[in-house]
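The sequence lines fix the lettering, A, B, ..., with proteins before strands; numbering per chain opens at 1.
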Protein chains: 2
Amino acid sequence: MKKNVTLNDIAQKLNVSVGLVSLVLRGKWKENRISEEMAKKVNKAAKDLGYKPNAMAQALRTGKSKIIGLIVADIANPFYGKIARIIENEAYNKGYQVIFGSSDEDLCKFEKVVEAMKSRQVDGLLVVPVIGSHEVLQAIQESNIPTISIDRYLTDAKLPYVVTDNYKGSYDIGLYLQQKGYQNIAFITKESPLSNFIERNKGFEQSMKDTGINYQKHALSVDNWNEELVQLIRDMDTSKVDAIYFAQNMLAVEGLKTVNALHSDELDKLAIISFDNPEIFEINRPTITCYQQPLQVLAEKAVQELINSIESKQSKDISLKIEGKLIIRQSC
Amino acid sequence: MKKNVTLNDIAQKLNVSVGLVSLVLRGKWKENRISEEMAKKVNKAAKDLGYKPNAMAQALRTGKSKIIGLIVADIANPFYGKIARIIENEAYNKGYQVIFGSSDEDLCKFEKVVEAMKSRQVDGLLVVPVIGSHEVLQAIQESNIPTISIDRYLTDAKLPYVVTDNYKGSYDIGLYLQQKGYQNIAFITKESPLSNFIERNKGFEQSMKDTGINYQKHALSVDNWNEELVQLIRDMDTSKVDAIYFAQNMLAVEGLKTVNALHSDELDKLAIISFDNPEIFEINRPTITCYQQPLQVLAEKAVQELINSIESKQSKDISLKIEGKLIIRQSC
DNA sequence: CAGCAACGCTAAAACATTTTAGCCGATCAT
DNA sequence: ATGATCGGCTAAAATGTTTTAGCGTTGCTG
């Protein structure tokens, strides 16, 4: 059982005070008139002994934990996995570490995770807000923990956010469908109060209006979309539809699963387009045309904004909507 | 800027000592002969003021951070995402939080992440070890931070591990192929010094020997498997092969992508079977038969073992190999 | 009646840091 | 000669907990 090396160990070895060691190791020896000779000795001793600062003690003393909390719906969902990956990278580069939790879209669990993170003294929070979480988030904000919404935002909370421009993306999908000459679109989406669906729905409906294309909107329920979707596709009247637009990767994945399982010539003739770009889209036969979210930029910006407001204490309330891009493949 | 409520705030409000408040709040008032009346007062005050313990201070004082570190190859890979998800859940249930990092299979990055986590005073570590990491892990072990390998293990490190029984899984795949009457298998795997590949390779080769089936082993290089795989499938002599076995999800995914892109009748006739069970396998046409790893059990056990050895300080060095199961679908 | 346990609490140390005030001698300007 | 400044360091407070030693009073036992 090796004890960790502390400042005290170094100080004793050199017969100096702990304070001095601390100052040197944090690079503040110049402004504190400590001799270069001494600085060198201290640094050497620290290296020799293998000193690693105790982050807990630092956190306690400074009030800064250098930890940021990340709350997503489900880290097992590759969409969030990818985001988490980028966030982790950015954060590490800036000397922060990431502690994560999944909410499962459940308010109760979301609140628990927030509490746990608050207790951990996270310096800031990156959250994918769940329905009804505005109060918790407002509270967190007031206890002065900078918080940024990602992926979606709540209209009833005054949180800064960094999200994809869902309206524009969905609108552009409509334009693309027009350009390709489709006339009757089955628009499969969810009836959700979350910003991303609201905007995707608005955007697409507006572009349908502007282009004059026929479409049928199927807004599935948040709780039971899964079964409803299977039913919907099973019963689809393929004579009245020439393209399907899935407004989300989960819808598309489940949809493709059903389509492929049914193996019907009529269904196979339909064009397919989707929001999001899961890996499956490149493997499916045909490969699927989609609107890819700018995950890299989104996650980077979110971390940057968060760390900015952590370190400068000026919550500038800058919110961002970032454009993604259409990826054209075989299906449409 | 609301300050956090501390023990001191409660103590002052009630005109008692901090120690007493601490004792009560941690449920130790009985064994410390504190009156029930007082205990109630304290609890009420704590609730009223909204007291949340400062985990940093607790950690500093007790030497237990209640944080476990999780290092995977890439959290964006759904395989690890799923594991992370289960680990997170288990850990939260036991009062631990999870801090994560991705190694990218890069030793240097792995070491950095380990250092960062050690500095954070993690109580224990769950790692997917990368090639060459035995020294770092040995060192970590010696500084008395319980560590468990998951997914794979290093033969040259004496770490406990919790992994799938890769040998058995791969052997069973061979048996299944025999049962289905396949005669010429293309066995696509990687030439890796990591335990999972070593055992999958051994297991399959043994079962080929035992069953007497013809097979060709294609062990791709760890660094360039991607391109090699595309080439391999492109050049495959379909007259001499009736089934392909992919020894890993990444191989299968890339393989299916290539197969589907080539759209060749001969390739389509081949049976396909794979280790792992990514979501795509259920969507692909045909759906893919595979050996599914017991992720739930694996991750749960790993967390349990880890927390055991954190809390009891007896590193029992129990290592586990857990069986997965064959999932039979259309492709084979 | 001496000794002792029980009671209900307090005080203080300890954890590893960071940061500020200040000490002492020497140099410098006035 | 006086006062100020500076160089190089130390001492100590502070962060929010947990834990142990112990204090003064009662009541009981032998």
**Student:** Just checking, is any N or O donor in the side chain of B/Glu300 or B/Gln296 under 3.5 Å from an acceptor N or O on the other one?
**Tutor:**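 B/Glu300 vs B/Gln296: donor-acceptor pair found between side chains.
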
**Student:** Return the orientation label for the B/Tyr153 and B/Tyr161 ring planes: parallel under 30°, perpendicular over 60°, tilted otherwise.
**Tutor:**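 The rings of B/Tyr153 and B/Tyr161 lie parallel, inter-plane angle below 30°.
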
**Student:** Would you kindly give the CZ-to-P distance between B/Arg120 and C/dA16, to the nearest whole Å?
**Tutor:**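 In whole Å, C/dA16 P and B/Arg120 CZ are 17 Å from each other.
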
**Student:** Between B/Lys41 and B/Asp48, does any side-chain N to carboxylate O distance fall below 4.0 Å?
**Tutor:**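 Salt bridge between B/Lys41 and B/Asp48, a charged N being under 4.0 Å from a carboxylate O: no.
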
**Student:** Once you round it to whole Å, what is the distance between P of C/dC9 and NZ of B/Lys30?
**Tutor:**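 Going from NZ in B/Lys30 over to P in C/dC9 covers 15 Å.
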
**Student:** Indicate yes or no: does B/Glu105 engage B/Arg152 in a salt bridge with an N to O separation below 4.0 Å.
**Tutor:**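 Salt bridge: yes.
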
**Student:** Compute whether any side-chain donor of one residue and acceptor of the other, for A/Thr164 and A/Gln293, lie under 3.5 angstrom apart.
**Tutor:**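 Yes, A/Gln293 and A/Thr164 have a side-chain donor paired with an acceptor closer than 3.5 Å.
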
**Student:** Rounded to the nearest angstrom, tell me the gap between atom CH2 in A/Trp29 and atom C1' in D/dG7.
**Tutor:**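 Going from CH2 in A/Trp29 over to C1' in D/dG7 covers 13 Å.
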
**Student:** Is any side-chain N of the basic residue among B/Lys66 and B/Asp123 closer than 4.0 Å to the acidic one's carboxylate O?
**Tutor:**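 B/Asp123 and B/Lys66: not salt-bridged.
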
**Student:** Let me see the working for B/Gln121 and A/Asn4 under side-chain contact (heavy atoms from CB on, under 4.5 Å), right down to the final yes or no.
**Tutor:** CA-CA 10 Å; B/Gln121 315 295 116; A/Asn4 275 335; 3.6 Å; yes

**Student:** Within a strict 4.5 Å, meaning less than it, do heavy atoms of the A/Ile150 and A/Ile83 side chains meet?
**Tutor:**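 Yes; the side chains approach each other to less than 4.5 Å.
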
**Student:** Could you tell me the separation between the NZ atom of A/Lys41 and the C1' atom of D/dG8, rounded to a whole number of Å?
**Tutor:**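 A/Lys41 atom NZ is separated from D/dG8 atom C1' by 12 Å.
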
**Student:** In whole Å, what is the span from the CG atom of B/Leu14 to the P atom of C/dG8?
**Tutor:**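 Going from B/Leu14 (CG) to C/dG8 (P), I get 17 Å.
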
**Student:** Summarise protein proximity over nucleotides 9-17 of chain D in one line of letters, 5' to 3': B for base, S for sugar-phosphate only, - for none, counting protein heavy atoms closer than 4.0 Å.
**Tutor:** BB--BBBBB

**Student:** Polar atom pairs between nucleotides 3-5 of chain C and protein, under 3.5 Å, N or O only, would you list them?
**Tutor:**
none

